[in-house]
Amino acid sequence: QLQASGGGLVQAGGSLRLSCAASGSIFSINVMGWYRQAPGKERELVAAVTTGGSTTYAESAKGRFTISRDIAKLTMYLEMNMLKPEDTAVYYCAASLLLGVTKRPNEYDYWGQGTQVTVSS
């Protein structure tokens with residue numbers, strides 16, 4: 001129901017765009033977001049967006065990443081620029097039934113399968 005894609009290997013300073021294709025019923029959910037999890041670390045929220053267009057970003061993502069939703073394509077995107085080696089992780093898209101943005105992974109109800117992003121130095 002959520003299908004993430006777009007990961008890959010990129011050099012530091014490069015860019016990637018992640019995509020998350022959703023079924024119609026899930027795409028209408030208010031809150032959708034991107035999480036990432038690096039080896040040995042907890043899953044963390046990178047960015048989230050509501051149907052109204054409000055966005056939330058982790059401090060590490062501000063100024064470099066942009067989250068968006070394309071209603072016509074039922075797809076959410078994460079445009080990542082100026083990538084750093086510390087951005088290396090598996091990135092997951094997720095959707096929450098809550099009315100407001102939450103950072104808690106256990107409050108997201110639907111998850112994509114993850115896509116690997118590797119940034120070399």
Side-chain angles (χ1 to χ4, degrees):
Q1 292 176 312
L2 289 175
Q3 184 75 28
S5 62
L9 174 64
V10 64
Q11 289 187 333
S15 300
L16 282 174
R17 188 176 77 158
L18 305 183
S19 300
C20 177
S23 64
S25 60
I26 293 181
F27 196 79
S28 62
I29 290 177
N30 185 43
V31 180
M32 293 186 71
W34 287 97
Y35 274 81
R36 68 185 180 188
Q37 188 166 23
K41 294 188 177 182
E42 294 185 352
R43 192 169 294 193
E44 64 171 349
L45 182 68
V46 177
V49 60
T50 68
T51 52
S54 297
T55 56
T56 299
Y57 292 94
E59 284 298 320
S60 60
K62 288 181 180 178
R64 299 189 300 128
F65 295 2
T66 303
I67 189 171
S68 61
R69 291 168 79 158
D70 185 326
I71 296 175
K73 296 182 179 180
L74 302 181
T75 301
M76 176 178 65
Y77 301 99
L78 185 67
E79 186 76 35
M80 303 187 293
N81 299 310
M82 296 181 288
L83 283 163
K84 305 175 182 179
E86 50 264 43
D87 294 318
T88 295
V90 177
Y91 284 70
Y92 300 89
C93 57
S96 173
L97 292 170
L98 295 181
L99 296 179
V101 173
T102 176
K103 295 183 178 180
R104 301 183 179 89
N106 61 357
E107 292 181 340
Y108 282 77
D109 303 279
Y110 301 93
W111 290 87
Q113 82 289 3
T115 184
Q116 176 71 47
V117 172
T118 303
V119 184
S120 63
S121 57

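One-based numbering along the sequence shown.
Within the 4.5 Å cutoff, side-chain heavy atoms of Asp109 are placed close to those of Ser96. Val49 places none of its side-chain heavy atoms less than 4.5 Å from the side chain of Tyr57. By the 4.5 Å heavy-atom criterion applied to side chains, Arg36 and Ser60 are counted as neighbours.
Val10 and Leu78 fall within a single hydrophobic cluster, where Ile, Leu, Val, Met, Phe, Trp and Tyr side chains are chained together by heavy-atom contacts under 4.5 Å. Residue Leu2 is not grouped with residue Tyr35 when hydrophobic side chains (ILVMFWY) are merged at heavy-atom distances under 4.5 angstrom, including chains of intermediate members. Under the 4.5 Å side-chain contact rule for hydrophobic residues, Ile67 and Ile29 share a cluster.
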Next item on the list: Apply the test side-chain contact (heavy atoms from CB on, under 4.5 Å) to residues Arg43 and Tyr108: give CA-CA distance (whole Å), side-chain angles for both, the deciding distance (0.1 Å), then the verdict.
Entry: CA-CA 12 Å; Arg43 192 169 294 193; Tyr108 282 77; over 6 Å; no
Next item on the list: Starting from the C-alpha separation in whole Å, work towards a yes-or-no answer on side-chain contact (heavy atoms from CB on, under 4.5 Å) for Asp87 and Met80.
Entry: CA-CA 10 Å; Asp87 294 318; Met80 303 187 293; over 6 Å; no
Next item on the list: Starting from the C-alpha separation in whole Å, work towards a yes-or-no answer on side-chain contact (heavy atoms from CB on, under 4.5 Å) for Phe65 and Leu16.
Entry: CA-CA 10 Å; Phe65 295 2; Leu16 282 174; over 6 Å; no
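Here the straight-line distance linking atom CG of Leu74 with atom OG of Ser25 works out to 9.5 Å at 0.5 Å rounding. Summarising the geometry, atom CZ belonging to Arg69 is positioned 12.0 Å from atom OG1 belonging to Thr55; distances are rounded to the nearest 0.5 Å. To the nearest 0.5 Å, the span separating OH on Tyr92 from CG on Leu18 amounts to 13.0 Å. Atom-to-atom distance recorded for Met76:CE and Asp70:CG is 12.5 Å, nearest 0.5 angstrom. Taken from OG in Ser121 to CD in Glu86, the straight-line distance is 10.0 Å, to the nearest 0.5 Å.
Not a single donor-acceptor pair under 3.5 Å links the side chain of Tyr110 to the backbone N or O of Met32. Remark: the backbone N or O of Ala4 is not paired with any side-chain donor or acceptor of Thr115 at under 3.5 angstrom. Counting only distance, with no hydrogens or angles, the side chain of Asn30 and the backbone of Thr51 share a donor-acceptor pair below 3.5 Å. Side chain of Thr88 to main chain of Val119: a donor-acceptor pair is present (N/O by atom type, distance under 3.5 Å, no hydrogens or angles).
Considering every non-hydrogen atom in both Ala48 and Val101, the closest pair reads CB-CG1, 3.8 Å. The two residues Glu107 and Leu98 come nearest to each other via the heavy atoms OE1-CD1, 3.5 Å. Residues Asn81 and Ser15 share a closest heavy-atom pair of OD1-OG, 2.8 Å. Across all their heavy atoms, Ala58 and Leu45 have their closest contact at CB-O, 3.4 Å. Smallest separation of non-hydrogen atoms from Met82 and Arg64: O-NH1, 3.0 Å. Nearest heavy atoms, Trp34 versus Ser19: CH2-O, 3.5 Å.
Because its NZ or CZ atom is both nearer than 6.0 Å to the ring centre of Tyr77 and within 45° of the ring axis, Arg17 counts as a cation-pi partner of that residue.
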